[in-house]
Amino acid sequence: MNKKTHQSLKNAFAKTKNSFFGQIPDIFKSQQLSLNDLEELEDILVSSDIGMYSTTNIIESIKNSFSVQKSTSPNLGILIKNEIQHILESSKHDEISKNENFPQILVMAGVNGVGKTTAIAKLSHFFQQQGKSVLCGAADTYRAAAIEQIKLWGERLNFDVISHQPGSDPSAVAFDTISAAKKRNIDLVIIDTAGRLHENSNLMDELKKIYKVLNQSKGHYNLHTLLTLDATTGQNGLLQAKSFNESIQCNGIFLTKLDGTSKGGIIIPIIEETNIPISFIGTGEQPFDIALFDPNLFTEYVFN
Ligand SMILES: Nc1nc2c(ncn2[C@@H]2O[C@H](COP(=O)(O)OP(=O)(O)OP(=O)(O)O)[C@@H](O)[C@H]2O)c(=O)[nH]1
Ligand SMILES: [Mg+2]
């Protein structure tokens, strides 16, 4: 990783680091473990976007390792950091970014405004840099502006966009996109989808339909669903992940807007409660503001 990427990742996690969440190990740095500390820690973890489930697990693990190492009186700050690192490392490994997954179709899922279309620009930029060819399908036909937005990114970043008229069937766009991709030997096909429909059940049904059509026509392409979540929404993002994953199986998460939030702690319950790997993180509004999620870098930047 080059110096610039390092710096931009550091910046992206700066707000999380400066929040209560990032200060947790410091708060308990010099303290030896007592029951009072654990109660205080529990309150801080719950209020730091980690949520009840992960908090309980972290507290339990700390209690266990305390009873094992009783004679040495462990430093609570180090225990907390290790425990969080342990959860992050338990995550399923991301498949989507792996070279062996190409040629690949990515269906972008997520509610409106989370950053799906911007994520497409970032993914295109990221994989074009690795020499991959990209073709996008403008299957958010719900708004005319959405089609224009993806076309504009295509012009700026030099990828083609397959589109139909506003209001047309999104699955038909998806079908035409994969057909064109096969003819052109494209490495990466990305399908934009609408985040806002009349009702939530419509949104899920539409995604299922798009997925089904692609699954029937994908040929030798690997088909994956990438869920976009907005980190600034905290626990609400976690609820979205659970609800999408119940309707359509999600293979990875693109966690956006980490640069604008202190709620980076949400990464922990996302990994622990959904078992969907975090594939990419968004660190700004530009196409180059993208990084692979690395649990070690996260704990290094936030806790050191
Ligand atoms: N700061 C910051 N802003 C972001 C990031 N990703 C996206 N945005 C901004 O979030 C806003 C919404 O992004 P879109 O990509 O249009 O979101 P979308 O999910 O496609 O929205 P719909 O098409 O309405 O469903 C835009 O203003 C983006 O510039 C990020 O990582 N950081
Ligand atoms: Mg969009």
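Order of appearance sets the numbers: ligands from 1, and atoms from 1 within every ligand.
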Counting both backbone and side chain atoms, is some N or O of [X] under 3.5 Å from an N or O of ligand 1?
X: Lys257; result: yes
X: Gln149; result: yes
X: Glu285; result: yes
X: Gly115; result: yes
X: Gly284; result: yes
X: Gly113; result: yes

Q. Taking all non-hydrogen atoms of both residues, which atom of Ala121 and which atom of Pro287 are closest, and how far apart?
A. O-CB, 4.2 Å
Side chains of [X] and [Y]: donor-acceptor distance under 3.5 Å anywhere?
X: Lys81; Y: Asn304; result: yes
X: Asp140; Y: Thr193; result: no
X: Asp49; Y: Gln235; result: no
X: Ser54; Y: Glu272; result: yes
X: Asp187; Y: Ser133; result: yes

Q: Would you confirm whether Lys98, through its side chain, and Asp94, through its main-chain N or O, come within 3.5 Å as a donor-acceptor pair?
A: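 Flag set: sc Lys98 to bb Asp94 pair under 3.5 Å.
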Q: Determine yes or no for a side-chain-to-main-chain donor-acceptor pair under 3.5 angstrom, with Thr256 supplying the side chain and Leu229 the backbone.
A: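 Such a contact is found between Thr256 side chain and Leu229 backbone.
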Q | Option set Gln286, Arg143, Met108, Lys116, criterion heavy-atom distance to atom 23 (O) of ligand 1, minimum | A |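 Considering heavy atoms of Gln286, Arg143, Met108, Lys116, the nearest to atom 23 (O) of ligand 1 sits in Arg143.
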In ligand 1, which numbered atoms sit nearer than 4.0 Å to a non-hydrogen atom of [X]?
X: Thr118; answer: 7 (C), 13 (O), 14 (P), 15 (O), 28 (C)
X: Thr283; answer: 31 (O)
X: Val114; answer: 19 (O)
X: Gly282; answer: 31 (O)
X: Gly195; answer: 25 (O)

**Q.** Closest protein heavy atom (residue, atom, distance) for atom 6 (N) of ligand 1
**A.**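 Sorting protein heavy atoms by distance from atom 6 (N) of ligand 1 puts Lys122 NZ, 3.7 Å first.
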Q: Can you pull out the closest protein heavy atom to atom 32 (N) of ligand 1? Residue, atom name and distance to 0.1 Å, please.
A: Asp259 OD1, 2.8 Å
Q | Neighbouring protein N, O or S atoms of the Mg ion (ligand 2), below 2.8 Å | A | 1
(Q) Regarding Lys15 and Asp259, does a basic nitrogen lie under 4.0 Å from an acidic carboxylate oxygen? (A) no
Q.
Can you tell whether the side chains of Arg184 and Asp160 come within less than 4.0 Å, N to carboxylate O?
A.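 Answer for the salt bridge query: yes.
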Q.
One residue to check: Asp140. Relative to ligand 1, which of side chain, backbone, both or neither has a non-hydrogen atom less than 4.0 Å away?
A. side chain
Q: Can you run down the ring pair (Phe, Tyr, Trp, His ring centres under 6.0 Å) pairs that involve residues 202-231, sequence neighbours left out, and say none if there aren't any?
A: none
**Q.** Any Leu238 side-chain heavy atom under 4.5 Å of Lys242 side chain
**A.** yes
Q) Should the pair Tyr301 and Phe13 be assigned to parallel (<30°), tilted (30 to 60°) or perpendicular (>60°) ring geometry? A) tilted
